[in-house]
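See below for the structure under consideration.
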Protein chains: 2
Amino acid sequence: MNKPLPDLILKNVARHITMNQEETACFVSFLKPLTVPKKEFIQKEGQLCRYINFVHSGTLRAYYTDKTGRESTIMFAVTDWWITDMFCFINQQPAMLTIEAVEESSIFQLQKNDMETLYLKVPKLERFFRIIFQNAYVREQLRVIQGLSLSAEERYDIFLAKYPQVVRQVTQKQIASYLGITPEFLSMIRGNKRKK
Amino acid sequence: MNKPLPDLILKNVARHITMNQEETACFVSFLKPLTVPKKEFIQKEGQLCRYINFVHSGTLRAYYTDKTGRESTIMFAVTDWWITDMFCFINQQPAMLTIEAVEESSIFQLQKNDMETLYLKVPKLERFFRIIFQNAYVREQLRVIQGLSLSAEERYDIFLAKYPQVVRQVTQKQIASYLGITPEFLSMIRGNKRKK
DNA sequence: GGAAAGAAATAAGGTAGTTTAAGAACGTAT
DNA sequence: ATACGTTCTTAAACTACCTTATTTCTTTCC
């Protein structure tokens with residue numbers, strides 16, 4: 001289980017800002033590489049949410065568990081994505097979400113106070129995360145719109161079109177919990193499609 | 001219909017960053033003040049989404065209209081909030097959302113290219129909007145979680161508790177469209193509550 | 001390679017939320 | 001004050017989606 005190299009995360013950053021060698025070194029020095037086996041957790045509900053995570057390889061899933069034990073998948077993160085329980089990360093609170101590796105994954109972790117330090121030492125990163133969070137906001141807003149205005153089948157179609165890599169790697173139970181329906185109902189939707 | 005003064009928006013900015021006089025002047029120079037009468041639009045679906053808007057006073061509502069004509073309220077914005085169709089603003093596309101003044105409102109508008117100019121002239125604003133978008137992302141993520149895991153009645157209770165000022169100013173039809181239910185069903189929920 | 005566990009399909013009965021329609025209450029303009 | 005449009009309420013019939021249960025298919029692992 002070897003540790004990931006920071007090449008991919010640096011490319012991710014370079015897509016929006018240009019750091020010099022010193023800044024790059026500083027940034028990398030705060031990253032904690034970690035390899036997570038399939039089905040293991042990088043965060044559990046109730047534990048302090050310490051990290052924001054960059055996915056170097058693999059697939060992670062963040063989900064909420066309600067009082068009755070039902071899971072709602074909040075997001076899937078594949079290679080080149082950032083994932084955390086933002087609310088609890090920012091406020092350094094016990095997490096509402098559990099984050100699990102859907103398959104063996106390598107990630108880089110960044111701690112809240114290290115992130116604050118980085119903002120001061122490398123102010124360009126304000127721009128970088130401004131863009132990251134701006135995009136994240138847009139994604140969530142689109143998801144809210146779709147949740148309010150579309151049927152389960154329409155949401156499923158959009159999911160298939162938008163996240164084909166994810167579809168191959170996760171179970172239908174997990175897709176159903178992302179769409180806000182039961183696995184049985186998703187199975188029915190798929191059955192109906194096959195007949196057409 | 002007098003134009004708003006930028007005192008409130010400067011306070012809003014000062015909550016997260018400190019600008020000197022020159023920076024403040026530069027920032028203010030890009031703001032377009034506007035007063036919108038009740039029931040008028042600052043943006044219509046299909047028109048290029050030019051502006052991000054700060055609410056100086058009043059209440060605005062952003063909504064999506066589907067093919068069947070049904071409206072879904074994406075957000076309400078009261079005094080001291082920012083509102084736009086983020087996806088279309090960022091990509092400078094025709095808007096998906098319509099933004100309407102629920103009551104007479106005064107706003108400040110900031111154009112996309114002016115915002116980009118500001119990021120270069122006053123880099124601190126990267127930090128400011130990083131925090132604004134971070135918070136916006138958190139809000140939308142919480143809304144997704146609630147949409148997936150809670151019943152209509154539970155979502156209504158949370159709305160009442162979280163946005164009491166909004167509740168007083170908008171119709172139940174609008175609240176229902178924010179919650180993702182019909183006004184008739186919301187009326188029934190309220191009826192049931194009254195009996196308890 | 002076979003047993004056990006987990007994932008998906010199918011189907012019957014149930015419920016949360018919708019649709020349609022009609023009447024009551026409210027606001028606002030003449 | 002009266003009238004008109006809009007918002008809110010109520011209720012009955014309907015539908016999208018859920019629950020529970022059974023069967024089949026797939027994966028995992030000793």
Side-chain angles (χ1 to χ4, degrees), chain A residues 37-41 59 61 63-73 76 100-104 144 146-160 166-196, chain B residues 37-40 59 61 63-73 76 100-104 146-160 166-196:
Chain A
K38 184 169 180 168
K39 296 200 181 177
E40 299 237 326
F41 303 99
T59 307
R61 178 174 80 100
Y63 60 92
Y64 173 76
T65 310
D66 71 15
K67 318 104 211 168
T68 75
R70 218 185 59 183
E71 294 179 4
S72 299
T73 296
F76 294 107
E100 156 202 67
V102 166
E103 52 178 355
E104 178 174 305
V144 168
Q146 290 167 7
L148 291 176
S149 65
L150 301 180
S151 69
E153 179 164 3
E154 291 170 313
R155 277 176 279 143
Y156 178 57
D157 290 338
I158 290 177
F159 184 79
L160 288 185
V166 175
V167 174
R168 275 175 244 122
Q169 276 150 2
V170 307
T171 65
Q172 289 183 209
K173 192 177 162 186
Q174 290 170 345
I175 294 178
S177 90
Y178 180 91
L179 296 174
I181 60 178
T182 57
E184 293 82 357
F185 189 57
L186 177 56
S187 178
M188 208 206 75
I189 290 174
R190 286 162 48 88
N192 290 344
K193 278 193 190 302
R194 245 173 279 133
K195 280 171 206 158
K196 285 179 199 164
Chain B
K38 184 169 178 168
K39 295 199 181 179
E40 299 236 327
T59 307
R61 178 175 80 101
Y63 60 91
Y64 173 76
T65 310
D66 70 15
K67 319 103 210 168
T68 76
R70 219 185 59 183
E71 294 179 3
S72 300
T73 296
F76 294 107
E100 157 201 66
V102 166
E103 53 177 353
E104 178 174 304
Q146 290 167 7
L148 291 176
S149 64
L150 300 180
S151 69
E153 178 164 2
E154 290 170 315
R155 277 176 279 142
Y156 177 57
D157 291 338
I158 290 177
F159 184 79
L160 287 184
V166 176
V167 174
R168 278 175 242 121
Q169 276 149 1
V170 306
T171 64
Q172 288 183 211
K173 193 177 161 185
Q174 291 169 345
I175 295 178
S177 90
Y178 179 90
L179 297 175
I181 60 179
T182 57
E184 293 83 356
F185 189 57
L186 176 56
S187 179
M188 207 206 75
I189 289 173
R190 287 163 47 88
N192 290 344
K193 279 192 189 300
R194 246 174 278 135
K195 280 170 206 158
K196 285 176 200 166

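Here the structure is a predicted model, which means the values were calculated and not measured. A, B, ... follow the sequence lines: proteins, then strands. Residue 1 opens every chain.
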Could you check whether any side-chain heavy atom of [X] comes within less than 4.5 Å of a side-chain heavy atom of [Y], counting everything from C-beta outward?
X: A:Lys38; Y: A:Val102; result: no
X: B:Leu148; Y: A:Tyr64; result: no
X: B:Ser177; Y: B:Ser72; result: no

OP1 or OP2 of [N] versus the side-chain N and O atoms of [X]: is any pair under 4.0 Å?
X: A:Lys38; N: D:dT28; result: yes
X: A:Arg70; N: D:dC18; result: no
X: A:Thr182; N: D:dC18; result: yes
X: B:Thr171; N: D:dT7; result: no

Begin with the C-alpha distance, continue with both residues' side-chain angles, and end with the deciding distance and a verdict on side-chain contact (heavy atoms from CB on, under 4.5 Å) for B:Lys193 and B:Tyr156. CA-CA 11 Å; B:Lys193 279 192 189 300; B:Tyr156 177 57; 3.9 Å; yes

For B:Thr73 and B:Tyr63, which heavy atoms make the closest approach, and how far apart are they?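 Reported closest heavy-atom pair: CA-CB, 3.9 Å.
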
Considering all heavy atoms, the nearest A:Pro37-A:Ala101 contact: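 Closest pair (atom of A:Pro37, atom of A:Ala101, distance): O-CB, 3.6 Å.
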
Please report the distance, rounded to the nearest Å, between [atom1] in [X] and [atom2] in [N].
X: B:Leu186; N: D:dC8; atom1: CG; atom2: P; result: 9 Å
X: A:Lys193; N: C:dA8; atom1: NZ; atom2: C1'; result: 17 Å
X: A:Leu150; N: D:dC17; atom1: CG; atom2: P; result: 11 Å
X: A:Phe185; N: C:dG14; atom1: CZ; atom2: C1'; result: 15 Å
X: B:Ile181; N: D:dC8; atom1: CD1; atom2: C1'; result: 14 Å
X: A:Glu184; N: C:dT10; atom1: CD; atom2: P; result: 13 Å
X: B:Glu154; N: C:dG17; atom1: CD; atom2: C1'; result: 14 Å
X: A:Leu148; N: D:dA16; atom1: CG; atom2: C1'; result: 16 Å

Which residues in residues 173-180 of chain B have at least one heavy atom lying under 4.0 Å from any atom of DNA chain D?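 Contacting residues: B:Lys173.
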
Between A:Gln169 (side chain only) and A:Val166 (backbone N and O only), is there a donor and an acceptor less than 3.5 Å apart?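 It does not hold such a pair.
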
Looking at A:Gln174 and A:Thr171, would you say the former's side chain and the latter's main chain have a donor-acceptor pair under 3.5 Å?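 The answer is yes, because a donor-acceptor pair under 3.5 Å joins these two groups.
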
Check this for me: does any side-chain nitrogen of one of B:Arg61 and B:Glu71 sit under 4.0 Å from a carboxylate oxygen of the other?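 Looking at B:Glu71 together with B:Arg61, the answer is yes, because their closest N to O distance falls below 4.0 Å.
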
Side chain of B:Ala152: nearest nucleotide among C:dG17, D:dC17, D:dT9?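 Per side-chain heavy atoms of B:Ala152, the pick is C:dG17.
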
Closest to the B:Arg190 side chain, choosing from D:dA16, C:dA16, D:dT9: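 From the listed options, D:dT9 comes nearest.
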
Considering the terminal five base pairs at each end of the helix from C:dG1-D:dC30 to C:dT30-D:dA1, what angle separates the two local helix axes, rounded to 10°?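 The helix from C:dG1-D:dC30 to C:dT30-D:dA1 shows an end-to-end axis angle of 50°.
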
Could you check whether A:Glu103 and A:Thr59, counting side-chain N and O atoms only, form a donor-acceptor pair closer than 3.5 Å?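 Distance-only check passes for A:Thr59 and A:Glu103.
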
A:Lys39 near the nucleic acid: base, sugar-phosphate alone, or nothing, with a heavy-atom cut-off under 4.0 Å?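 Counting heavy atoms under 4.0 Å across all strands, no contact is made by A:Lys39.
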
